[in-house]
Amino acid sequence: SSPTRRSSDLSEYEIAMRNYAMINLMLRTGLRTIEVSRADVGDIVRKKGKRILKVWGKGHSEKDDFVVLTDMAYEPVRQYLTLRPGAAAAEPLFTTVGLNNSGKRMSTRTIQHICKETLRSIGLDGHEFSAHSIRHTTATQILLKGGTMLDVQQVLRHATPVTSQLYVNTIMEDKRLDDASEKLLDSSFLAKEGEK
């Protein structure tokens with residue numbers, strides 16, 4: 001094939017690798033789109049033997065927080081970065097790919113669009129499904145797997161536990177709908193009617 005075609009194929013592959021690495025990272029760490037946009041290659045460091053990503057959070061003026069990168073969170077990022085050999089520490093962790101606009105920091109709007117399109121591709125097409133839905137999934141999965149409110153607060157870097165409580169309320173509502181106590185009444189009253 002021609003050099004142009006090969007370049008195009010490489011770009012599509014890099015975009016796919018980037019998007020997978022980015023969404024997987026968001027899902028496993030609860031990163032906000034602004035935090036993903038602000039992340040640099042050099043923000044992946046070790047702290048007390050653990051691999052972390054330094055985070056410049058919403059409302060902060062510097063990278064004064066972090067998320068722990070498990071192997072499953074980090075490996076797709078590592079593979080994506082192999083497509084950018086020699087990427088400097090100060091370069092954005094995730095960059096734009098294109099003929100005229102390659103290597104630039106991704107905007108939050110672009111990240112939101114990628115999240116929305118990815119969710120749409122798996123059948124989650126309502127207006128309620130967004131980049132924040134991924135963060136919401138992170139929180140609810142922590143709780144469903146036995147984590148505590150403090151775990152949610154730490155991973156999502158909420159300033160207060162009040163914000164984390166919203167996710168508990170969602171789980172309680174889902175449980176209430178799935179295991180409606182009203183169903184117990186149906187069987188009780190059905191038995192009474194059958195006795196007549």
Side-chain angles (χ1 to χ4, degrees), residues 15-40 43-44 50-77 79-80 92-96 105-181:
I15 289 168
M17 290 287 288
R18 178 202 65 196
N19 292 356
Y20 175 73
M22 182 174 66
I23 291 174
N24 180 68
L25 180 67
M26 293 171 72
L27 190 58
R28 293 178 186 278
T29 62
L31 288 173
R32 299 174 177 94
T33 55
I34 186 67
E35 294 165 344
V36 173
S37 176
R38 291 172 171 172
D40 292 330
D43 292 337
I44 298 176
K50 302 278 187 193
R51 186 185 298 112
I52 65 163
L53 174 70
K54 294 190 283 185
V55 175
W56 179 1
K58 184 175 79 172
H60 292 243
S61 58
E62 60 183 338
K63 294 177 181 176
D64 57 358
D65 214 337
F66 67 91
V67 291
V68 175
L69 298 181
T70 65
D71 289 344
M72 294 180 83
Y74 174 68
E75 185 56 23
V77 175
Q79 290 178 15
Y80 160 65
L93 183 57
F94 298 105
T95 60
T96 57
R105 188 174 300 279
M106 294 176 67
S107 68
T108 55
R109 187 173 182 164
T110 299
I111 295 166
Q112 289 165 354
H113 176 73
I114 290 167
C115 292
K116 186 80 172 166
E117 288 303 309
T118 301
L119 292 168
R120 184 174 288 141
S121 75
I122 60 170
L124 302 175
D125 196 16
H127 70 278
E128 70 274 22
F129 299 111
S130 64
H132 189 74
S133 303
I134 296 171
R135 187 168 160 83
H136 182 89
T137 299
T138 304
T140 54
Q141 285 303 304
I142 289 170
L143 293 168
L144 289 171
K145 295 298 180 185
T148 65
M149 286 261 300
L150 180 59
D151 294 323
V152 171
Q153 185 180 353
Q154 288 177 337
V155 173
L156 270 58
R157 298 158 321 281
H158 289 146
T160 68
V162 174
T163 310
S164 305
Q165 181 65 43
L166 297 172
Y167 299 104
V168 174
N169 293 345
T170 299
I171 288 175
M172 296 306 291
E173 182 177 292
D174 288 348
K175 185 169 173 31
R176 170 89 172 87
L177 291 168
D178 291 342
D179 300 323
S181 300

Does a side-chain N-to-carboxylate-O contact under 4.0 Å join [X] and [Y]?
{"X": "Arg32", "Y": "Glu35", "value": "yes"}
{"X": "Lys54", "Y": "Asp65", "value": "no"}
{"X": "Arg38", "Y": "Asp43", "value": "no"}

Ring center gap for Phe94 and Tyr80 short of 6.0 angstrom: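 They qualify: ring centres under 6.0 Å apart.
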Within 6.0 angstrom of Tyr20 OH, more than 12 heavy atoms from elsewhere: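 Not more than 12 within 6.0 Å, no.
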Supply the atom-to-atom distance [X] [atom1] to [Y] [atom2], rounded to the nearest 0.5 angstrom.
{"X": "Glu128", "Y": "Ser133", "atom1": "CD", "atom2": "OG", "value": "7.5 Å"}
{"X": "Tyr74", "Y": "Leu25", "atom1": "OH", "atom2": "CG", "value": "11.5 Å"}
{"X": "Lys145", "Y": "Asp151", "atom1": "NZ", "atom2": "CG", "value": "14.5 Å"}
{"X": "Met17", "Y": "Met22", "atom1": "CE", "atom2": "CE", "value": "13.5 Å"}
{"X": "Thr110", "Y": "Arg105", "atom1": "OG1", "atom2": "CZ", "value": "13.0 Å"}
{"X": "His136", "Y": "Gln141", "atom1": "NE2", "atom2": "CD", "value": "10.0 Å"}

Testing the basics here: between [X] and [Y], what is the closest heavy-atom pair and its distance to 0.1 Å?
{"X": "Pro76", "Y": "Ala21", "value": "O-CB, 3.5 Å"}
{"X": "Thr108", "Y": "Ser37", "value": "CG2-CB, 4.1 Å"}
{"X": "Asp125", "Y": "Phe129", "value": "N-CD1, 3.9 Å"}
{"X": "Thr70", "Y": "Arg51", "value": "O-NH1, 4.5 Å"}

Check against side-chain contact (heavy atoms from CB on, under 4.5 Å), Leu143 and Val152: CA-CA 7 Å; Leu143 293 168; Val152 171; 3.6 Å; yes
Derivation and outcome, side-chain contact (heavy atoms from CB on, under 4.5 Å), residues Asn24 and Met72: CA-CA 8 Å; Asn24 180 68; Met72 294 180 83; 5.6 Å; no
Leu27 vs Thr137, side-chain contact (heavy atoms from CB on, under 4.5 Å): CA-CA, chis, key distance, verdict: CA-CA 7 Å; Leu27 190 58; Thr137 299; 3.8 Å; yes
Is the shortest heavy-atom distance from the side chain of [X] to the side chain of [Y] under 4.5 Å?
{"X": "Ile114", "Y": "Met106", "result": "yes"}
{"X": "Ile44", "Y": "Val77", "result": "yes"}
{"X": "Cys115", "Y": "Ile134", "result": "yes"}
{"X": "Arg157", "Y": "Leu31", "result": "yes"}
{"X": "Thr29", "Y": "Val55", "result": "no"}

Test log, rule side-chain contact (heavy atoms from CB on, under 4.5 Å), inputs Leu93 and Asp40: CA-CA 4 Å; Leu93 183 57; Asp40 292 330; 5.8 Å; no
Option among Thr33, Val155, Leu156 that satisfies the side-chain contact (heavy atoms from CB on, under 4.5 Å) test with Arg135: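 Testing Arg135 for a side-chain contact (heavy atoms from CB on, under 4.5 Å) against Thr33, Val155, Leu156 leaves exactly one candidate, Leu156.
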